Amino acid sequence: MEKLMSFVMPMKFIAGGVLAGLVGFYMVVGTIYARLTGAEFEYSIPFAFILQGVVLAIAIAILWEVFFGEKIIKKWRFFKRALVFNLSLILLIAICFLTSFALPTNWAYLWLIGVGIIALGIAVMSGLSEIYYRKTGEHYNEMLRIYQEKQGISK
């Protein structure tokens, strides 16, 4: 039971945060979109979007725990984890996009615009952090090489 709780509790917190972020982001994107297009934006979210958001938040939390938790995948580099996570996230967004066509609202695509922007942001941050970690790793490798030369340590 303790192992199950140690796996489920982080996912619960991640899912809650993701859902809160999606709802807030939907409101921000909706307001900006309404101002840019002149359309009227109702500050209420259809029940179908909330259900879709809950399912998406749980799926994202599971993906996050699988790819970024240390319990399942242990030896992948961060960039590979982020790349597979983003591809999985894009697949989830595509599924949400296909189910949103059936929803009776003209604001369905806002949900997907918001989630797409988040996925793009994650992809950009992942790429930038990989570049940073590679540069930092090269710097530390060079410092180690200089230290080893000074200490007379051979490889």
Side-chain angles (χ1 to χ4, degrees), residues 1-36 45 48-101 107-155:
M1 185 69 169
E2 192 174 315
K3 286 184 180 183
L4 177 66
M5 291 305 286
S6 72
F7 184 74
V8 171
M9 291 307 282
M11 289 192 329
K12 181 183 94 162
F13 293 120
I14 292 169
V18 167
L19 181 62
L22 286 174
V23 169
F25 199 69
Y26 174 80
M27 290 297 182
V28 170
V29 170
T31 303
I32 292 170
Y33 181 81
R35 293 202 181 190
L36 291 176
I45 299 175
F49 287 168
I50 296 297
L51 287 179
Q52 190 178 55
V54 167
V55 170
L56 191 59
I58 291 169
I60 290 172
I62 291 169
L63 287 175
W64 187 272
E65 190 63 29
V66 166
F67 291 112
F68 295 112
E70 296 295 325
K71 294 176 182 147
I72 297 173
I73 299 174
K74 298 178 182 180
K75 297 190 182 218
W76 284 12
R77 290 180 50 95
F78 176 77
F79 184 72
K80 186 176 181 181
R81 290 173 189 243
L83 182 66
V84 177
F85 173 78
N86 275 311
L87 292 175
S88 302
L89 187 59
I90 290 169
L91 178 65
L92 279 175
I93 293 169
I95 291 168
C96 288
F97 181 72
L98 294 174
T99 60
S100 292
F101 280 132
W107 289 94
Y109 54 89
L110 271 182
W111 191 246
L112 301 166
I113 290 171
V115 174
I117 290 171
I118 291 169
L120 180 65
I122 290 171
V124 168
M125 287 189 308
S126 298
L128 291 175
S129 64
E130 179 66 17
I131 291 169
Y132 171 77
Y133 288 131
R134 284 185 185 215
K135 293 282 186 193
T136 304
E138 290 171 4
H139 175 71
Y140 285 125
N141 284 340
E142 181 63 24
M143 289 175 54
L144 177 61
R145 186 188 61 75
I146 291 170
Y147 173 78
Q148 287 174 339
E149 286 176 359
K150 285 182 181 179
Q151 296 296 321
I153 302 171
S154 62
K155 292 182 182 181

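Remember, it's a predicted structure, so these values are computed and weren't measured experimentally.
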note = Lys75 and Arg81 have their tightest heavy-atom pair at N-NH2, 4.0 Å
ask   = Does some side-chain heavy atom of Ile60 sit less than 4.5 Å from a side-chain heavy atom of Phe85?
value = yes
key: Pair Arg145 + Glu149, salt bridge at N-O below 4.0 Å   = yes
query = Can you tell me how far CG of Leu144 sits from CD of Gln151, rounded to the nearest 0.5 angstrom?
reply = 11.0 Å
query = Nearest heavy-atom pair of Ala15 and Ala57: which atoms, and what distance?
reply = O-CB, 3.4 Å
ask   = Atom CE of Met125 and atom CG of Leu128: how far apart are they, to the nearest 0.5 Å?
value = 9.0 Å
task = Quick one: closest heavy-atom pair of Leu63 and Ser88, and the distance?
result = CD1-CB, 3.7 Å
request  = Starting at CD of Glu138, measure out to CD of Glu142 and round the result to the nearest 0.5 Å.
outcome  = 10.0 Å
request  = To the nearest 0.5 Å, tell me how far Leu92 CG sits from Ile62 CD1.
outcome  = 9.5 Å
